[in-house]
Amino acid sequence: MQTFQQYIGGAFEDASETFDSLDPATGKPWAQMPAASAADVDRAVKAAEAAFFSPEWSGMTATQRGKLLMRLADLVAENAPRLAELETRDTGKIIRETSAQIAYVAEYYRYYAGLADKIEGAHLPIDKPDMEVWLRREPVGVVAAIVPWNSQLFLSAVKIGPALAAGCTVVLKASEEGPAPMLEFARIFDQAGFPPGVLNVITGGPEAGAALTSHASVAHVAFTGGPETARHIVRNSAENLASTSLELGGKSPFIVFDDADLESAVNAQVSGIFAATGQSCVAGSRLVIQKGIKDAFLARLKEKAEAVVIGAPDDMATEVGPLCTLKQRDHALRLIGASVDAGAKLVTGGAAPEGEGFYFPPTVLDCSGAPEAPCLSTEFFGPVLSVVEFETEAEAMEIANNTAFGLASGVFTQNLTRAHRMIRGIRAGIVWVNTYRAVSPIAPFGGHGLSGHGREGGLQAALDYTKVKAVWLRTSDDPIPDPFVMR
Ligand code: NAD
């Protein structure tokens with residue numbers, strides 16, 4: 001069994017308790033993780049608070065912060081293979097994906113490194129002749145960052161990068177399901193030269209999360225996870241009236257019109273729902289397909305779904321690995337059962353294979369004629385696609401927007417004017433046209449409704465870690481006039 005330590009105040013240490021992490025490919029324990037107690041959480045927040053006010057960090061120029069982030073980016077790139085190996089081992093995310101994703105995570109740190117000294121205040125053309133008024137952009141303070149188990153290095157980079165660029169300090173709670181890559185990331189971070197306490201990395205379950213999000217010294221909670229947990233977090237953050245940014249789940253529509261390039265759309269749909277074994281918040285999990293091409297599309301999709309290479313996550317040939325937890329698999333089985341009972345028809349997949357590990361095959365459910373099937377409204381977070389057909393563009397739009405979520409969407413059509421109408425009408429934070437699942441540090445990412453609020457990635461994300469201070473400077477040497485009249 002490997003053992004991992006938590007990272008508080010620039011030191012690696014054991015927690016008072018530990019828990020076993022399971023290898024999703026075998027279902028067996030492979031490593032021992034530190035379970036942060038409420039006291040550990042408190043120390044981590046105090047370390048972040050001390051670092052926030054320390055002259056080493058608060059007195060550092062934005063350019064220097066950017067240089068440290070650049071060094072971190074280089075270290076992440078250099079260590080990407082090791083980080084990928086650990087993420088694959090601990091979460092079951094296939095090595096083909098972790099290798100590519102973590103190499104790209106370095107680009108997120110590079111983007112925010114470059115942005116650090118471009119976060120500008122403003123000078124205001126104030127309506128008083130003897131005043132100079134300007135706005136300073138200052139860091140919000142201690143940030144509590146909470147991430148789920150899928151793509152933790154990526155989901156934490158979009159929090160740590162902008163938060164540190166803005167001058168905040170961070171306590172990151174890794175998911176209790178597969179925290180190894182984040183605890184190893186702490187070792188890499190430690191080499192970059194940041195002052196101690198600027199980043200603290202702990203792990204543990206809901207108790208540790210609750211202790212962190214309700215801590216009186218936390219100014220902002222940046223959360224990625226499910227909507228139910230988000231509700232707890234918002235309640236906890238109310239203790240301290242901390243601000244929140246919430247990146248939650250989705251039930252994203254993947255809309256294909258009959259003039260689309262069929263092969264390209266099928267490939268994008270395969271990637272949109274089966275990549276990451278479907279454990280992706282932006283999964284295009286509702287195929288909204290025009291009636292005339294439905295049969296041809298489903299036939300091709302079934303062929304491709306059944307040809308997907310399912311196997312060990314550490315094998316470069318594997319395309320779909322195990323789900324991260326047994327709970328995820330049970331959830332998928334239950335939801336498929338309830339959907340079939342409601343009239344959905346299995347096109348392919350649907351049953352868990354025999355043998356060890358938390359494997360689940362690519363699955364397609366045709367819900368035509370079963371609009372109440374729960375698979376159309378509930379997130380699987382697994383490789384399960386629900387299909388619904390439409391005849392007119394208006395129907396496509398209505399189906400697309402018939403969801404409490406609003407994270408991502410895809411539109412496949414060759415018709416330019418229709419594409420524009422769909423872009424305008426779809427209620428989601430992202431619209432991909434004739435592509436799917438593309439991301440970049442330069443583009444904001446996030447949703448609304450049950451998909452949360454706030455954006456990660458891009459310039460705005462860094463501004464969201466700042467608060468504005470209005471400064472008034474009187475330029476007149478005359479005595480201040482009538483003290484009872486507001487100026
Ligand atoms: P989850 O909500 O169960 O857990 C997420 C994190 O919250 C974990 O670290 C967990 O320990 C912590 N947590 C649990 N209870 C808490 C509490 N009371 N207070 C504070 N923290 C608490 O989510 P999950 O099942 O691990 O991940 C899957 C969900 O995440 C899906 O809904 C998925 O769509 C979503 N997700 C969203 C995005 C996005 O960017 N929008 C990205 C990835 C995943």
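Each ligand, and each atom within it, is numbered from 1 in the order the structure gives.
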Peer 1: Checking the side chain of Ser440 only, and the main-chain atoms of Ile442 only, is there a donor and an acceptor separated by less than 3.5 Å?
Peer 2: yes
Peer 1: Give the numbers and elements of all ligand 1 atoms closer than 4.0 Å to a heavy atom of Phe445.
Peer 2: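 Going through ligand 1 atom by atom, the ones under 4.0 Å from Phe445 are 40 (O).
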Peer 1: Taking Thr224 as the fixed residue, which of Gln152, Lys159, Glu247 is the one that meets the side-chain hydrogen bond (donor to acceptor under 3.5 Å, both in side chains) rule?
Peer 2: Lys159
Peer 1: Indicate yes or no: does Arg96 engage Asp315 in a salt bridge with an N to O separation below 4.0 Å.
Peer 2: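 No salt bridge links Arg96 with Asp315.
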Peer 1: Is it true that the side chains of Trp149 and Asp90 contain a donor and an acceptor less than 3.5 Å apart?
Peer 2: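 There is no such pair (donor and acceptor under 3.5 Å, judged by atom type) between the side chains of Trp149 and Asp90.
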Peer 1: Run the numbers for me: atoms of ligand 1, each under 4.0 Å from some heavy atom of Leu407, listed by number.
Peer 2: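 Under 4.0 Å from Leu407, ligand 1 has these atoms: 41 (N).
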Peer 1: Show the atoms of ligand 1 that are less than 4.0 angstrom away from any heavy atom in Gly249.
Peer 2: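 Near Gly249, the atoms of ligand 1 are 32 (O), 34 (O).
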Peer 1: Considering both backbone and side-chain atoms of Glu176, is one of its nitrogen or oxygen atoms within less than 3.5 Å of a nitrogen or oxygen in ligand 1?
Peer 2: yes
Peer 1: Do Arg437 and Ser280 have side-chain heavy atoms sitting under 4.5 Å apart?
Peer 2: yes
Peer 1: Starting from atom 17 (C) of ligand 1, find the nearest protein heavy-atom neighbour and note its residue, name and distance.
Peer 2: Pro206 O, 3.8 Å
Peer 1: So which protein heavy atom does atom 42 (C) of ligand 1 come closest to, and at what separation?
Peer 2: Cys281 SG, 3.0 Å
Peer 1: Specify side chain, backbone, both or neither for Ile233, according to which of its non-hydrogen atoms lie closer than 4.0 Å to ligand 1.
Peer 2: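 It is the side chain that touches ligand 1; the backbone stays farther off.
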Peer 1: In the protein, what heavy atom is nearest to atom 21 (N) of ligand 1, and what distance, to one decimal place, separates them?
Peer 2: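 Among all protein heavy atoms, the one nearest atom 21 (N) of ligand 1 is Gly209 CA, 3.5 Å.
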Peer 1: Give yes or no for whether the N/O distance cutoff of 3.5 Å, strictly under, is met between Thr224 and ligand 1.
Peer 2: no
Peer 1: Once you measure the plane-to-plane angle for Phe194 and Phe189, does it fall in the parallel (<30°), tilted (30-60°) or perpendicular (>60°) bin?
Peer 2: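 Judged by the thresholds at 30° and 60°, the geometry between Phe194 and Phe189 is parallel.
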Peer 1: Test your reading of the structure: does Lys173 have an N or O sitting under 3.5 Å from an N or O of ligand 1?
Peer 2: yes
Peer 1: Tell me whether the rings of Tyr465 and His220 are parallel (<30°), tilted (30 to 60°) or perpendicular (>60°).
Peer 2: perpendicular
Peer 1: Out of Gln6, Gln32, Gln5, which residue meets the side-chain hydrogen bond (donor to acceptor under 3.5 Å, both in side chains) rule with Asp14?
Peer 2: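 The passing option is Gln5.
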Peer 1: Which atoms of ligand 1 are found less than 4.0 Å from any heavy atom of Glu247?
Peer 2: 37 (C), 38 (C), 39 (C), 40 (O), 41 (N)
Peer 1: Is any N or O atom of Leu155, backbone or side chain, closer than 3.5 Å to an N or O atom of ligand 1?
Peer 2: no
Peer 1: Have a look at ligand 1 and work out which part of Glu379, if any, has a heavy atom under 4.0 Å from it: side chain, backbone, both or neither.
Peer 2: side chain
Peer 1: Considering heavy atoms of the protein only, find what lies nearest to atom 16 (C) of ligand 1 and give residue, atom and distance to 0.1 Å.
Peer 2: Thr229 CG2, 3.3 Å
Peer 1: Closest non-hydrogen protein atom to atom 28 (C) of ligand 1, residue and atom name please, with distance?
Peer 2: Phe381 CE2, 3.6 Å
Peer 1: In ligand 1, which numbered atoms sit nearer than 4.0 Å to a non-hydrogen atom of Ala210?
Peer 2: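 Near Ala210, meaning under 4.0 Å from one of its heavy atoms, ligand 1 has 19 (N), 20 (C).
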Peer 1: For Leu248, is at least one N or O under 3.5 Å away from an N or O on ligand 1?
Peer 2: yes
Peer 1: Ignoring hydrogens and geometry beyond distance, is a side-chain donor-acceptor pair present between Thr98 and Thr88 at under 3.5 Å?
Peer 2: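 A donor-acceptor contact under 3.5 Å links the two side chains.
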Peer 1: In the protein, which heavy atom is nearest to atom 23 (O) of ligand 1, and how far is it?
Peer 2: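 Of every protein heavy atom, Gly226 N, 3.5 Å lies nearest to atom 23 (O) of ligand 1.
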Peer 1: Would one find an N or O of Pro148, backbone or side chain, under 3.5 Å from an N or O of ligand 1?
Peer 2: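 No - when backbone and side-chain N and O of Pro148 are compared with those of ligand 1, no distance drops under 3.5 Å.
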Peer 1: Report the nearest protein non-hydrogen atom to atom 18 (N) of ligand 1: residue, atom name, distance rounded to 0.1 Å.
Peer 2: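 Protein heavy atom with the smallest distance to atom 18 (N) of ligand 1: His232 CB, 3.7 Å.
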Peer 1: Please write down residue, atom name and distance for the protein heavy atom closest to atom 9 (O) of ligand 1.
Peer 2: Val147 O, 2.8 Å
Peer 1: So, are Asp40 and Arg43 salt-bridged, with charged N and O less than 4.0 Å apart?
Peer 2: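 Between Arg43 and Asp40 there is a salt bridge, with a charged N closer than 4.0 Å to a carboxylate O.
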Peer 1: In sequence, state the C-alpha distance, the side-chain angles, and the governing distance for Glu107 and Arg110, and then conclude on salt bridge (charged side-chain N to carboxylate O under 4.0 Å, His left out).
Peer 2: CA-CA 5 Å; Glu107 295 305 312; Arg110 263 187 205 117; 2.7 Å; yes
Peer 1: Going by an N to O cut-off under 4.0 Å, is there a salt bridge joining Asp42 and Lys46?
Peer 2: yes
Peer 1: Go through ligand 1 atom by atom and flag the ones less than 4.0 Å from a non-hydrogen atom of Ile146.
Peer 2: 6 (C), 7 (O), 9 (O), 12 (C), 20 (C), 21 (N)
Peer 1: Below the 3.5 angstrom mark, is there an N/O of Thr213, backbone or side chain, next to an N/O of ligand 1?
Peer 2: no
Peer 1: Between Asp464 and Gln460, do the side chains contain an N or O donor and an N or O acceptor separated by less than 3.5 Å?
Peer 2: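 A pair is found: one side chain offers a donor N or O, the other an acceptor, under 3.5 Å apart.
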Peer 1: For Ser217 and Glu49, test the side chains for any donor-to-acceptor distance below 3.5 angstrom and give the result as yes or no.
Peer 2: yes
